[in-house]
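Encoded as structure tokens, the structure appears first; notes follow it.
Keep in mind it's a predicted model, so treat the numbers as computed, not measured. Reminder, nothing fancy here: chain letters follow the sequence lines and each chain counts from 1.
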Amino acid sequence: MSVVEVRELVKQYPSFELSRVSFDVRENRITGFIGRNGAGKTTTIKAMLNLIHSDGGTVSFFGKPMVMNEAEIKQRTGYSTGTVNWYPRKKIKDIVQVVKSFYDTWDNEAYRKYLELFCLDETKMPIELSEGMKVKFNLLLALSHKCEVLILDEPTSGLDPFSRNELLDIFTELKNDGVAVFFSTHIISDIEKCADDIVYISKGKIVAATSKEDFILKYSEPGESLEGTMLRMEGGVSHA
Amino acid sequence: MRNIMLKEMKLSASPLAYLFILFGLMFFLPGYPVLCGAFFSALGLYQSFLYAREANDIVFSALLPIAKKDVVKGKYGFVCIIELCTLLLMTICVIVRMTALKEAPVYRSNALMNANLFALGAALFIFGLFNLIFVGGFFKTAYKLGRPFVFYIVTAFLFIGIFEALHHIPRLEQLNSFGTENIMMQLLLLLAGIVAWLLMTVLSYRKACEQFEKIDL
């Protein structure tokens, strides 16, 4: 069953166009949203979250249109980005104290669990954190309210291989707890490791939106790795 | 609404916004354009908008589980709280100057406007201009601060100059009343200031809500 439905999403910029983007994020699945830099991943995610206004198409969460039910949908959705800093000179505990007041479902136990897991010191300010720790802090905020869908924009960027691995394991754990995870990345091995479904975007167009197994069946040549397939499809490298 | 105000006060606000409330005490200064107190308090608010922009506050707020118009409401709510706190200090100064210090020579021999109820109404007008020109202007883009603030500076100082000079125009001397002289007129002018502040704030807020819905973050 789909928890997020993106249909015919269009967004035009002078030098870039998101062209009739459609895909689903399914319940109890991890969906990897892959594409090279500038392919339209962040634009799509911003349009999904109503941060930018699409020129056409619809986005629905839990069967309800985002535009009409923004507050309710955001209550049930977690969002994190690896690239933006929130309140760099405020202590983490002060940011958390404010954020928790917005969520009916804030889970202090989960907050403490992830705080410990990510080795975050809540008396520190985001400006004092390394890039990887900033990503973890953003994730901490998204994971501490019992969201049903987790939308993550490049969550693994800047993370060391150990933390990345740890994070991908957390995605699997969350999936087992019934959370639908949607994450964008340009690192193909992230998809290989944990994604159930693949949404592949190139130059603003969806090339494929299907399960990982079907993707491999349809696009991979015999003996070819997923990375090799994607590099070949993107036309960057011809795979031997 | 409580949570969005908490966010504004704890995360988005620059400490200067609170500190600059003290400029309301400029209403005690003799021989000084007292309405500059309202401008300096607004300067603290401007610093707060700058501080919030550096912290990606608007996008952070838009991602919270609230309607977009509540993000705008939070900003206007915070601005109004700071303005009213400044006004409270100004009011204390005015009450002292209208009673205990009404005969003080240092205030009587003042070429600039007296800090009476009319001055309070004028201060509200200066705050109203800030809400209309600067806050409203900011929400056209949710990131451009310079241009609306420059427009505000020019307009605010134009009106400060007018208000400070009005009582020198023949038949407008009463605007500079001391103590409870012409109290009905003073009260009416204060009321006019309140109405102007309310009108400018509400109009600006409505327009900002409409614009904030339309912009891409």
Contacting moiety of [X], where chain B heavy atoms sit under 4.5 Å:
X	answer
A/Y87	both
A/Q75	both
A/L49	side chain
A/K100	neither

Q) Of the backbone (N, CA, C, O) and the side chain (C-beta and beyond), which part of B/A62 lies under 4.5 Å from a heavy atom of chain A, both, or neither? A) both
(Q) Please classify the contact of B/I4 with chain A as side chain, backbone, both or neither, using a heavy-atom distance under 4.5 Å. (A) both
Q) Passes salt bridge (Lys or Arg N to Asp or Glu O under 4.0 Å), A/D153 versus A/K41? Steps please. A) CA-CA 8 Å; A/D153 190 9; A/K41 300 189 296 293; over 6 Å; no
Q.
Quick check on the interface: out of B/L11, B/L217, B/N56, B/L6, who has the most heavy-atom pairs with chain A under 4.5 Å?
A.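 Most heavy-atom pairs within the cutoff with chain A belong to B/L11.
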Q: Name the member of B/K214, B/E54, B/R2 that forms the most heavy-atom pairs with chain A at distances under 4.5 Å.
A: B/K214
Q. Looking at A/K74, A/R76, A/K175, which one forms a salt bridge (Lys or Arg N to Asp or Glu O under 4.0 Å) with A/E148?
A. A/R76
Q: Would you sort out whether A/D94 and A/K91 count as a salt bridge (Lys or Arg N to Asp or Glu O under 4.0 Å), showing the intermediate values?
A: CA-CA 5 Å; A/D94 293 333; A/K91 282 186 182 163; 5.9 Å; no
Q: I would like to know whether A/F137 and A/L129 meet side-chain contact (heavy atoms from CB on, under 4.5 Å); could you show each step before the answer?
A: CA-CA 9 Å; A/F137 167 55; A/L129 303 175; 4.1 Å; yes
Q | Carboxylate-amine/guanidinium contact B/K75 B/D57, below 4.0 Å | A | yes
Q | Sub-6.0 Å ring centroid separation between B/W197 and B/F127 | A | no
